[in-house]
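To find a chain, count down the sequence lines: A is the first, B the second, and so on, and within it residues start at 1.
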Amino acid sequence: MNYWLMKSEPDCFSIDDLAGRPNKTEAWDGVRNYQARNFMRDGMKVGDGVFFYHSNCEIPGIVGVATIASTAYPDPTQFIQDHEHYDPTAKPEEPRWLLVDVKYQRKLKRTISLAELKAQEAALPGFQLLMKGNRLSIIPVRKEHWDYILTLE
DNA sequence: GCCAACGTTGGC
DNA sequence: GCCAACGTTGGC
């Protein structure tokens with residue numbers, strides 16, 4: 001079992017949006033970064049843990065826990081013309097972009113903010129979220145980091 | 001709104 | 001294959 005952190009802008013899709021979806025599950029479309037895609041394709045298994053992270057907002061941080069609900073499969077939005085995530089170079093017979101289904105588990109009792117995580121940096125050596133210049137929307141989380149972060153709740 | 005960091009594109 | 005230009009991310 002692996003652990004991940006997945007970013008979403010709450011103005012676009014928040015933890016409450018996920019909780020309100022049918023079956024509390026959403027197809028995580030729109031990932032257009034090869035590293036993030038490869039994490040989904042090569043690393044994710046059903047049942048993996050996910051920290052749901054709110055980015056680009058007033059208090060960026062981890063707001064909830066979710067699970068991976070499917071293995072990776074082609075992201076249909078890459079083929080939809082006029083769609084925000086349309087990719088004219090992707091062919092149905094050779095999909096370029098993948099997604100996974102993500103299922104809501106619970107909200108944290110409180111947001112564990114990026115500022116707080118930075119303050120805990122000494123206890124989280126190598127945590128990619130805290131690395132300079134990190135922009136990846138999907139980040140692997142080591143089990144010891146996962147466990148430690150949950151003790152902060 | 002600013003800007004640093006980073007990925008991608010495309011000319012050469 | 002290099003690298004400048006450009007676009008995007010995301011914290012602040």
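Summarising the geometry, the separation between CD on A/Glu9 and P on C/dT9 is reported as 7 Å, rounded to the nearest angstrom. Taking atom OH of A/Tyr34 as the reference point, atom C1' of B/dT9 lies 11 Å away to the nearest angstrom. For A/Asp11 and C/dG10, the CG to P distance is 14 Å, given to the nearest whole Å. For A/Leu130 and C/dC12, the CG to P distance is 11 Å, given to the nearest whole Å. Between A/Asn134 atom CG and C/dT9 atom C1' there is a gap of 10 Å when expressed in whole angstrom units. Between the C1' atom of C/dT9 and the CG atom of A/Leu129 lies a distance of 13 Å, rounded to the nearest Å. Atom CG of A/Leu117 is separated from atom P of C/dG10 by 15 Å (rounded to the nearest Å). Nucleotide C/dT9 holds its C1' atom 12 Å from the CD1 atom of A/Ile139, rounded to whole Å.
For A/Lys7, no side-chain nitrogen or oxygen approaches OP1 or OP2 of C/dT9 to under 4.0 Å. In terms of phosphate contacts, A/Lys118 brings a side-chain nitrogen or oxygen within less than 4.0 Å of OP1 or OP2 of C/dC12.
Checking A/Asn56 against A/Lys132, the closest nucleotide of DNA chain B that is more toward the 5' end is the one next to A/Asn56. Positionally, the nearest nucleotide of DNA chain B for A/Gly133 lies more toward the 5' end than for the other of A/Gly133 and A/Arg96.
Aromatic rings from A/Tyr34 and A/Trp97 are positioned such that their centres are separated by under 6.0 Å. In this structure, A/Trp28 has its ring center closer than 6.0 angstrom to the ring center of A/Phe52. Under the 6.0 Å cut-off for aromatic ring centres, A/Trp4 and A/Phe39 qualify, their centroids lying closer than that.
Salt bridge status for A/Arg110 with A/Glu116: present, with a side-chain N to carboxylate O gap under 4.0 Å. With salt bridges taken as basic N to acidic carboxylate O contacts below 4.0 Å, none links A/Glu93 and A/Lys91. For the pair A/Asp17 and A/Arg21, the salt-bridge criterion is not met [side-chain N within less than 4.0 Å of a carboxylate O].
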Below 3.5 Å between N/O atoms, which protein atoms pair up with nucleotides 4-8 of chain C? Just atom names and distances, please.
| residue | atom | partner | partner atom | Å |
| --- | --- | --- | --- | --- |
| C/dT8 | O2 | A/Arg135 | NH1 | 2.3 |

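Residues A/Glu9 and A/Asn56 have side chains that bring a donor and an acceptor to within less than 3.5 angstrom of each other.
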